[in-house]
Amino acid sequence: MEGNNDVILKGSVVRVVYRNEESSWTVLELETENELHKVVGVLPLVAAGEMLSLSGRWVEHPNFGVQFKAEYFERHLPVGGDAILRYLSSGIIKGVREATAARIVEKFGDKALEIIENQPHRLTEIKGISPARAKKIAEEYAKQFGLREVIITLGSYGLTPNEGLRCWKKWGSATLEKIKSNPYLLCSSGLHIGFERTDKISQNFGIAPDDPLRLEAGLIYVLRHNMSNGHTCLPADKLISVSSVLLEVGPDKLEKVLDDMFFSFKVREEFLDNRRFIFLNRVYNAERYSAEKIFAMLEFPPESVKNLEERINSIEKRLGISYAKQQRAAIRQALEKGILILTGGPGTGKTTTLRAIITLLEEIGHTVAIAAPTGRAAKRISELTGREAKTIHRLLEVKWDDEETQVFDRNENNPLDADAVIVDELSMVDSMLFESLLRALKTGCRLIMVGDSDQLPAVGAGSVLHDLIESGKLPVVQLTEVFRQAMMSNIVSNAHRIVAGRMPVLNYREGDFFFIQKDSVQDVAQTVLELCLSRIPARYGFTVGDGIQVICPSRKGEIGTREMNIRLQQLINPHTDTRREIVIEGTVFRVDDRVMHIKNNYDISWKKDNGELGQGVFNGDIGILREINKRASTLSVRYDDRVAVYTLEDAQELELAYAVTVHKSQGSEFDAVILPLLNNPPLLCYRNLLYTAVTRAKSLLIIVGGVGTIEKMVANDKKAKRYTGLKHFLSQGEKSAFELSCDIH
């Protein structure tokens, strides 16, 4: 048995207080030599009467007091008539209840379990147990014995009971046989066990360093790992060279294994610009499908809107505006071609154009669905258009399967009811999500995609917006004219200077864009604190709780989000004897803290101020921690007009949000942004990171740091290279009437 510390607890299970049948999370009472303890943990099928050896640590629950949290355990079958009776009476074996248990123990005494396991036919000696029932009892006992063996055996290799349970659910009684024949199955999808751990476990089975099973698993691991870096595929030569270093095996052997994987359909290959690329099947299918669906939409567009020019003129007259040439072109493309990419920087009229498209679609009777990748982005586009918007996940009705993988109820067999779908912030959409969206569009549905190609790419794998534009196959309208009213903003004008590779003007003495020169990270940090606490609230009225957001390039360092959040919390919301606080995963949370939810969670319940009830909190949502209820083990967070209630487990998806990274801020806007920039790491010193940060500010932007850092960021337009296949698959399609000069400038 292997644990994370030296605390060992041994005793007999008195009773199981609670068990979640799905996760096997268990609360039980354990009797040691001198006292009774409460134990919690993933303890599958543990029953009263069993002897346990537990490894874990003592914890203090805010409501239930001191408990022992078990990380690993060994179980021993009960010994002696009394212990066996408690075990059989617990209901752990289907078909055996208290009365039957009593008769079995009365008949066979200390050998009762041995009889059930090895001589089940003898159970028929007991009145009321037929041969069929005896066989069923033996089968149920064998199932539990099998899971017990899996937990114990895998535990000896360093796997937790929860990981062992996942293996059992996947393979059942064949678990150990499968793992012994190929231990690298452990790092297959759905088990959440990493390659490095699996590689160590494989040593127990004598797997040679150059065994094809190991080499295949290593190649797949490198492909999966690089998906987190944005790549949907890798050049075969790079894949081989990286894997060769990782696995300490010559490239010749890896090339042979890779060829075998291709011919057995475990990976896919494609030649992009005469270079061989390797894809995982799931990602290859996603990008290939997306290209085919787009071509189908282009080939069979919805019916064009009649009298379109007259309709546009009518809207102009009603609203008292005049659309620019590029805006009118975008409106026409959306309603004539049925598919459109609308791009442009701040102040170029994207929102005005989008409102006109939505209005025209509604006037012709179309049902319009509006979506964005994150909750804050959805809220923002909803405010700008005056229509309801959802996250893409909620629009597609996301659910989770048995392997904790997201699936969508909306697909080819159950498409969206919408006649037109508008997706904002397309630069944040990865290849897998884009495919899922396309699968949910019914035949004839219009698709309008809006995004800023100069912003950061998606966190997930793929470069959807870039690939769609670069393919030259789709109608694209890029709005480039900055309207006079917008140019009055120094934020907007400097954003466009940055995109053009020119230094922003830093010596403004009035307006909405300011730069404060500081030459040390200590001075930068101290200035940021002063701006948040007093200078901005005194002059502009914004506060950290209402309008101010610190945005940092990095999480690390003295001016990274981790350190800045701690210092801002201490300054703005310090510890007091009256303010409740709680420690979750090492982070102190206090009532009135600014927090961010960092993962889509569709199960968290909330209540609006008007009494409406609902569920779902999304990645990037920012709120204020309003209540810590230690008795109920819950936290309450206010998000705008609703209050969400968290369990302590769900609360692990919260972070302090006085400071957030540029990546986390994408898709959001804030009244006042403070941007600390000094001596950025080279990997965080590039133009579109600066541009994305600057364009998060609506009314006020203050950069604190060094001119040299800003110069380096502006000069570095080397976007991180992403290997993807979507552009290639789109370029393979036949030229059609839609490959036209619709890229209007």
Side-chain angles (χ1 to χ4, degrees), residues 491 494 498 503-509 512-540 542-545 547-576 581 583 586-590 592-596 622 655-665 670-687 689-694 696-697 700-716:
I491 295 173
N494 270 340
I498 291 168
M503 274 291 288
V505 177
L506 301 179
N507 59 354
Y508 290 119
R509 290 292 175 262
D512 56 9
F513 187 109
F514 298 96
F515 171 71
I516 301 175
Q517 173 78 41
K518 295 295 175 183
D519 299 321
S520 72
V521 290
Q522 294 81 10
D523 288 345
V524 170
Q526 184 59 39
T527 303
V528 170
L529 297 177
E530 293 170 0
L531 287 167
C532 289
L533 184 66
S534 57
R535 293 167 65 175
I536 292 178
R539 181 170 179 180
Y540 297 96
F542 300 126
T543 65
V544 171
I548 298 175
Q549 182 62 62
V550 178
I551 298 179
C552 309
S554 174
R555 296 176 64 88
K556 301 176 182 179
E558 197 163 344
I559 55 174
T561 58
R562 291 174 184 167
E563 186 64 27
M564 290 305 304
N565 270 317
I566 293 172
R567 297 188 64 177
L568 284 163
Q569 183 192 49
Q570 291 171 345
L571 188 69
I572 294 165
N573 194 29
H575 169 80
T576 67
E581 62 182 51
V583 179
T587 298
V588 177
F589 290 93
R590 299 191 183 106
D592 295 333
D593 270 338
R594 183 176 173 87
V595 295
M596 172 185 278
I622 294 178
E655 287 184 351
L656 294 176
Y658 298 103
V660 301
T661 63
V662 180
H663 283 86
K664 281 293 184 184
S665 74
F670 308 95
D671 290 320
V673 168
I674 304 172
L675 182 59
L677 294 177
L678 186 65
N679 301 330
N680 291 5
L683 291 176
L684 294 173
C685 200
Y686 52 95
R687 186 184 302 172
L689 186 80
L690 176 61
Y691 172 75
T692 301
V694 167
R696 299 309 92 203
L700 177 67
L701 175 74
I702 301 178
I703 298 179
V704 184
V707 174
T709 300
I710 299 173
E711 288 175 340
K712 289 179 182 178
M713 296 183 78
V714 172
N716 182 10

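Here the structure is a predicted model, which is why all the values come from computation and not from measurement. Scope of the values below: all heavy atoms of this structure, side chains included, with no hydrogens, waters or symmetry mates.
- Side-chain atoms of L568 and L656, non-hydrogen and from C-beta on, never get closer than 4.5 Å to each other.
- Side-chain contact check for N680 and Y686: no donor-acceptor pair (N or O, by modelled atom type) lies under 3.5 Å.
- In this structure, A659 and C552 approach most closely via the heavy-atom pair CB-SG, 4.1 Å.
- Summarising the geometry, atom CD1 belonging to I548 is positioned 12.5 Å from atom OH belonging to Y658; distances are rounded to the nearest 0.5 Å.
- Checking each of V694, T561, I551 against V662 for a side-chain contact (heavy atoms from CB on, under 4.5 Å) leaves exactly one that passes, namely I551.
- Rounded to the nearest 0.5 Å, atoms CZ (F515) and CG (L677) are 8.5 Å apart.
- Atoms OH and CZ, on Y691 and R696 in that order, are 8.0 Å from each other to the nearest 0.5 Å.
- Ring geometry for F514 against Y540 counts as tilted: the plane angle lies between 30° and 60°, on a 0 to 90° scale.
- By the 4.5 Å heavy-atom criterion applied to side chains, D512 and L701 are not counted as neighbours.
- Residues R562 and I566 fail the side-chain proximity criterion, which asks for heavy atoms closer than 4.5 Å.
- Each of L690, I702, I710 was evaluated against L675; a single residue qualifies, L690, per the side-chain contact (heavy atoms from CB on, under 4.5 Å) test.
- A distance of 10.0 Å separates CD of E558 from CD of Q526, quoted to the nearest 0.5 Å.
- Between the side chain of R687 and the main chain of M713, no donor-acceptor pair closer than 3.5 Å is present.
- For the residue pair N573 and D592, no side-chain donor N or O sits within less than 3.5 Å of a side-chain acceptor on the partner.
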